[in-house]
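Only one structure is covered here, and it is reproduced in the block below.
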Number of protein chains: 4
Amino acid sequence: MEQTLRLVIDCPDQVGLVASVSQFLAQHNATIVEASHHTDLQTGRFFMRHEISTDSLTMDIEQIRLGFAPIAEKYSMNWKLVDSSKKPRMALLASHESHCLMDLLHRWHSKELNCEIPCIMANHPQMKQFADWHSIPFHWIDFKTLGKEAAFAQISQLIKQYDIDLTVLARFMQILPDTLCKELAGRAINIHHSFLPSFAGAKPYQQAYDRGVKLIGATCHYVTSDLDEGPIIEQEVMRISHSDSAQDMVRKGKNCEKTALANGVRYHLEDRVIIHHSKTVVFA
Amino acid sequence: MEQTLRLVIDCPDQVGLVASVSQFLAQHNATIVEASHHTDLQTGRFFMRHEISTDSLTMDIEQIRLGFAPIAEKYSMNWKLVDSSKKPRMALLASHESHCLMDLLHRWHSKELNCEIPCIMANHPQMKQFADWHSIPFHWIDFKTLGKEAAFAQISQLIKQYDIDLTVLARFMQILPDTLCKELAGRAINIHHSFLPSFAGAKPYQQAYDRGVKLIGATCHYVTSDLDEGPIIEQEVMRISHSDSAQDMVRKGKNCEKTALANGVRYHLEDRVIIHHSKTVVFA
Amino acid sequence: MEQTLRLVIDCPDQVGLVASVSQFLAQHNATIVEASHHTDLQTGRFFMRHEISTDSLTMDIEQIRLGFAPIAEKYSMNWKLVDSSKKPRMALLASHESHCLMDLLHRWHSKELNCEIPCIMANHPQMKQFADWHSIPFHWIDFKTLGKEAAFAQISQLIKQYDIDLTVLARFMQILPDTLCKELAGRAINIHHSFLPSFAGAKPYQQAYDRGVKLIGATCHYVTSDLDEGPIIEQEVMRISHSDSAQDMVRKGKNCEKTALANGVRYHLEDRVIIHHSKTVVFA
Amino acid sequence: MEQTLRLVIDCPDQVGLVASVSQFLAQHNATIVEASHHTDLQTGRFFMRHEISTDSLTMDIEQIRLGFAPIAEKYSMNWKLVDSSKKPRMALLASHESHCLMDLLHRWHSKELNCEIPCIMANHPQMKQFADWHSIPFHWIDFKTLGKEAAFAQISQLIKQYDIDLTVLARFMQILPDTLCKELAGRAINIHHSFLPSFAGAKPYQQAYDRGVKLIGATCHYVTSDLDEGPIIEQEVMRISHSDSAQDMVRKGKNCEKTALANGVRYHLEDRVIIHHSKTVVFA
């Protein structure tokens, strides 16, 4: 993958904003590989993402950062300038279901996901075998012995120790405590096995079976203190019928889960997601 | 369309059931055009639909009905034997949005829907122009002048007067009173403009916009006293993104609504739907 | 619909391009409602579409056009500046199948398609009833009596007479002669009832049935002299199975055709499509 | 998974056929878990699949086989009676792309695919690591050193040696010789990375990119001597746009490939597919 810089901005919409940013980029001879804009007409908020080739640039990233700061200040921007060659550090949290874990690991292995995976944590020890194959440190968080509080303290501590940028709950069946949700705000992604807001909470496939819906789905979202209420990044659905048992739905649903989670994680890792209140802008 | 008989059955599952039915059909030289079975393993209920060509039959429908009655009794069947050449009578209820009404009318006009449409009712008079083009009697139900109670009494009376088999709420924005829901149980179909159970109730597109979902949908279901809780027949979804305004979602959603409603109505008219408690078996 | 201006550009990619355009827009106090960019990295071609609110503009469209001309020249742009309040004039060509015609007419009637429809032409006279309902002049092009050459000459003459901007072949089953294809280059849209390039030519549903595919589709594309080879604007697919007869596939396919054509036509009318060699950029 | 028997039949359609089969099943007290019928009205061919619980049966499988033989003969049936507890033996053939291999292995590991995998063969040695993790014998078929003829002879010999029932080409990029295709007729499944019949042959994603289609796909089909012309079992598609590079299409397409192949293989392993000339009946 070619090295690029990603300039991601959100701020109040104003005339002249795009001109200022694009003029700044032109002044430093930036070749724009990809550009995405969005204006939320209801709230008057503006969102922008540029992906810039580093080949033609006349300055390094730190100089650009310094140079851009006054523009950012003038327009009251939330912004970041990210070097694509600096891989984010992603931790995976799993439980006893391995399909999402395996899927993410293989996409990482085949370089579809551009990140490092410094550790895998799970509340079931048999997930170690997957970590071992990829030579990734594995931590069994023994919820039964430790109790919830100590277990989550250990997770929190490991996230800090490994200097994790993104924590992914790959069908991790434990509810994160409020403090950890806040600690990881905007930096933790979950996959819920229903088409939210339908069937929030436990046993979504059984709920879907009982309600007799004709499509099932999965939802990839940021973790927040309000369970299953975080900003949605990606959703997938699949058609079912009366002939699908609750177990068939589990099997079919796994495909939705893997796809929605893999896309959601990739969007985040490539700085394509901007959280805006309880929603997301995703420059897919 | 070729004339067929449709034998639709549901009963407790038992060994010998299919043999009895198929032997009966063979004895009368029935050529089976389409056969569908389903056993609900959780409840032990059996569902079956046969579509039989009338060409080869050695008896007429009434004789077959008489002949089948003892088998039906033996196995405690809910059953019906329907002559496809006898078109069901469908009434359409509309409001100020015309897309579902138009879509159903054109599918009927082009013979995709095999029924008669003896009347159209609406609480907005401008729907008359659509009825007129198709030479279908139109009744403006003036809710404002009449008040809800009298208006629904008129609708109920017209349904009886026209001897209606199926009442379709084609984006009819009024909530049917409990008595009418019960009167029309299993004979009234609604289209809800969300992917139920998400966003039940009013303004589902605005709800979807506010929640930031990445797919919107529509649900075709039988009308019951519990609003938006009736057995689901068909659902459709469509991908959206942050760049879709609430109005864009309305526009996109209309395609879902038209398709889900048209399929649901067709399934019902072709006797492909069996209601089982709060769910449906649809032999699509 | 609010009045906007649409600035649509394609040109060789260069550093400074976006800055020049956005600076120009800012100088005239343009509020950008929607902005889309694309760089084709293989050919080095740049594509851009801006939708600008007219409310805040300090100049009228003609002055802006004059002011922008030097920038367009500097960067060797293909460009247009379109006033959304000036509705394009769309002609519909139909045959004996009415579903696409009806669908477009109803979307136009409900203001989903922002255009005028000055005339409908068909080689079957019964399409007149649809035109009449909407009070649109109808021309029966009697191919049998006239012969192909005279018939197409009449169509060409009517397109000129009505000053048509876009000609839509709404399941018009005649192959346009080479000269007419060239005359209408980039201004004529067709719907083909297969997922091109599969099943080009005649009877695509029968071809699909014979090949045993598990999905069928429809393709909306610009008309070119090479039959079914024009730049694709939009495609739709739908799942089928062995239990679908060739007639079932026709029925199911119609939904694909209507949706793909309606979207393709809307994209064109809203200046969202840029043709680039044999392909399209669609800022949907 | 519960043990079942699967009775799969195809024969000329005749009155009395279903009665004979279902009566036979009832006589032996068979509980029908799942039943699927299909009559091809064009060719008059009848297809049927029953899945029967073994719990209630009064005879063992061999006695049932003997008992059914006269009925099968009377109606000129192709038929098989399969014991679900006897796992089919599946060989995997891979090349340098591992996504389909990994996906099948993990579905097998998590018991979604009910089979044995006695060996994996590949023309690239690095696939060994995946085989090792699952403790499956691995054979590197060194095409470069051996030459095509000897290499395929070795594959053919290994298929015999391991007593393989189903050979799956999991993105195996070599074209099987005619003799091997015939040897494995109906017992070898391939995944082609396009929506066939579009883009048959080499580099389908590049072909799709060049043609500018708006959807890409994958096709799971039986291997025949006519390359990419075998009976189709399953297809998947995914939406793309101008902003997807040829590499993006490869990434997106992999999801289609994995899903289509996994479903096609599962249908085959569960005896849900009946080949009929160049097409399939799939009781999904």
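Within every chain, numbering begins at 1; the chains are lettered A, B, ... in the order of the sequence lines, protein sequences first and strands thereafter.
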Separation of [Y] [atom2] from [X] [atom1] (nearest 0.5 Å):
X	Y	atom1	atom2	result
S241(C)	E234(D)	OG	CD	11.0 Å
H242(D)	I274(C)	NE2	CD1	8.5 Å
Q235(D)	I216(C)	CD	CD1	11.5 Å
T219(C)	L215(D)	OG1	CG	8.5 Å

Legend entry - Min side-chain heavy-atom separation F199(C)-P197(D) under 4.5 Å: yes

Heavy-atom proximity to chain D below 4.5 Å, by part of [X]:
X	answer
L41(C)	neither
D210(C)	backbone
E229(C)	both

Could you go through residues 276-284 of chain C and list every donor-acceptor pair under 3.5 Å that involves a side-chain atom there, pairing it with any protein atom two or more places apart or in another chain?
| unit_1 | atom_1 | unit_2 | atom_2 | d |
| --- | --- | --- | --- | --- |
| K279(C) | NZ | Y209(D) | O | 2.6 |
| T280(C) | OG1 | I232(C) | O | 2.7 |
| T280(C) | OG1 | K214(D) | NZ | 3.0 |

Legend entry - Residue part contacting chain C, namely of E236(D), when any heavy atom lies under 4.5 Å: both

